[in-house]
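Structure, as structure tokens:
The analysis underlying the following values was restricted to heavy atoms, covering all of them including side chains, and did not include hydrogens, waters or symmetry mates. In the text below, chain A, chain B and the rest are named by the order of the sequence lines, each starting its count at 1.
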2 protein chains.
Amino acid sequence: MKQAITRRQLQPPNKQAAVFQHVRRAHQMEATEDYVELIDDLIACEGEARLVDMARHLGVSQPTVSKTLARLQREGYVNSQPYRSIFLTPKGKKLAISSRKRHDIVFKFLIAMGVSEATAKRDSEGLEHHASAETLHAFNNFIESRSRTASG
Amino acid sequence: MKQAITRRQLQPPNKQAAVFQHVRRAHQMEATEDYVELIDDLIACEGEARLVDMARHLGVSQPTVSKTLARLQREGYVNSQPYRSIFLTPKGKKLAISSRKRHDIVFKFLIAMGVSEATAKRDSEGLEHHASAETLHAFNNFIESRSRTASG
DNA sequence: TAGAAAAGTTAGCCTATGCTAAGTTTATTA
DNA sequence: TAATAAACTTAGCATAGGCTAACTTTTCTA
Ligand SMILES: [Mn+2]
Ligand SMILES: [Mn+2]
Ligand SMILES: [Mn+2]
Ligand SMILES: [Mn+2]
């Protein structure tokens, strides 16, 4: 099939700017979402969330985690005493749950699309932060229609 | 359908760290990719890429664009004289083309999934930077199978 | 239980990306 | 063509998120 001529056309400046602003806001939440999700997982799987384990799982140094946790505490997502393990506030727990739900949908969707598990894990870690409710809904429908086809 | 019990399980620290490191590398390229893509579009649609138009489309101030362009020039993606319009180097042009191709696939894929145009535009602007070759391939297959179904 | 190891903090550095205010250069227009 | 407006730059500031080095606290273990 021949490639159609790509008649490129620019969005109106204001509209495109709104899109980029939206993406920047999503970026601001990325670290927060990944952190609370990891804290919740660590508590669920290991019994507690230690800074050193967070650093290991995130692939960053302990001081980096320490500094980011200070921000998260300031913003009311986590709670911790010096030298002690980390807890989620209700606000943090809520964000962790919704982040994980979204992450799971994106991951399962990629698997349903035929992507390998390793790639689905990698890509979903970045994609998750940029999938709107509408897109997640479409992804979820796809997952469900696939599982119906497979099992029915 | 009942919700299966989510037996959450943590990845091995090293593996998860590698995933996050991969996402961080992708993030480092985001601004670069968005900038060269926009420059290429502006040249194609308006005849030239002016800093003021970039600022308007990106939704940031002119000094912000100025500073980022200085970095892109340092890194060999763009070329410009003070007070003059902006040009892509061969390296920048190549990145612009591949970025746009990837952006287009993600956008068209969301449309094929039944997502509205406004949402597809928004989400694809963030998602594009985190879709691997394997995932893009799966997306592309889906787009093509859909267009076959629709037209055939 | 004392010493060593591990965990966590603090200080100080860096880059990227945002901003405003103020100055300079280029382009428009009266 | 002189004055004004627009575009661009520069300076200076802020925050987020990286890092290493050095220090403190806690935990483990001999
Ligand atoms: Mn996640
Ligand atoms: Mn993530
Ligand atoms: Mn793009
Ligand atoms: Mn983008």
Could you tell me which residues satisfy salt bridge (charged side-chain N to carboxylate O under 4.0 Å, His left out) with Asp40(B), sequence neighbours excluded, listed by chain and number?
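So Asp40(B) forms a salt bridge (charged side-chain N to carboxylate O under 4.0 Å, His left out) with Arg8(A), Lys93(B).
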
With a 4.0 Å limit, can you tell me whether Ser61(B) has a side-chain N or O closer than that to the phosphate oxygens OP1/OP2 of dG18(C)?
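The answer is no; no side-chain N or O of Ser61(B) sits under 4.0 Å from OP1 or OP2.
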
Check this one for me: any side-chain N or O of Arg24(A) less than 4.0 Å away from OP1 or OP2 of dT17(C)?
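Answer is no, no contact under 4.0 Å.
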
Pairs of donor and acceptor atoms involving the side chains of residues 77-85 of chain B, under 3.5 Å and at least two apart or interchain, shall be tabulated with distances.
from: Ser85(B); atom 1: OG; to: Glu48(B); atom 2: OE1; distance (Å): 3.4

Could you tell me whether a side-chain N or O of [X] sits under 3.5 Å from a main-chain N or O of [Y], the two making a donor and an acceptor?
X: Arg100(B); Y: Glu37(B); value: no
X: Thr89(A); Y: Gly76(A); value: yes
X: Ser147(B); Y: Glu144(B); value: yes
X: His137(B); Y: Ala133(B); value: no

Distances under 3.5 Å between protein N/O atoms and the N/O atoms of nucleotides 14-16 of chain C, please, pair by pair.
from: dA16(C); atom 1: OP2; to: Arg74(B); atom 2: NH2; distance (Å): 3.3

Sorted by first residue and then second, give each side-chain hydrogen bond (donor to acceptor under 3.5 Å, both in side chains) pair with at least one member in residues 112-122 of chain B; sequence neighbours left out.
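Of all non-adjacent pairs touching residues 112-122 of chain B, those that pass side-chain hydrogen bond (donor to acceptor under 3.5 Å, both in side chains) are Gln11(A)-Lys121(B), His22(A)-Arg122(B), Glu134(A)-Ser116(B), Glu134(A)-Thr119(B), Ser116(B)-Thr119(B), Glu117(B)-Lys121(B).
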
Using heavy-atom distances to pick each residue's nearest nucleotide on DNA chain C, tell me which of Pro82(B) and Arg56(A) is more 5'.
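Looking at DNA chain C, the more 5' nearest nucleotide goes with Arg56(A).
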
Whole-Å gap separating [atom2] ([N]) and [atom1] ([X]):
X: Leu51(B); N: dT24(C); atom1: CG; atom2: C1'; result: 15 Å
X: Gln62(A); N: dA11(C); atom1: CD; atom2: P; result: 17 Å
X: Ile86(A); N: dA7(C); atom1: CD1; atom2: C1'; result: 11 Å
X: Tyr83(A); N: dA7(C); atom1: OH; atom2: P; result: 14 Å

What are the bounds, 5' to 3', of the part of DNA chain D that sits under 4.0 Å from heavy atoms of chain A?
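Answer, 5' to 3': dA16(D) to dT27(D).
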
Tell me every residue that passes side chain to side chain donor-acceptor pair (under 3.5 Å) with Arg24(B), counting only those two or more places apart in sequence or in another chain.
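With neighbours one apart ignored, the set is empty.
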
With sugar-phosphate meaning primed atoms plus P, OP1 and OP2, does Pro63(B) contact a base, only sugar-phosphate, or nothing at under 4.0 Å between heavy atoms?
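Answer is base: heavy atoms of Pro63(B) come under 4.0 Å of a base.
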
Do other residues, nucleotides or ligands put more than 12 heavy atoms under 6.0 Å from Lys15(B) NZ?
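No, not enclosed.
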
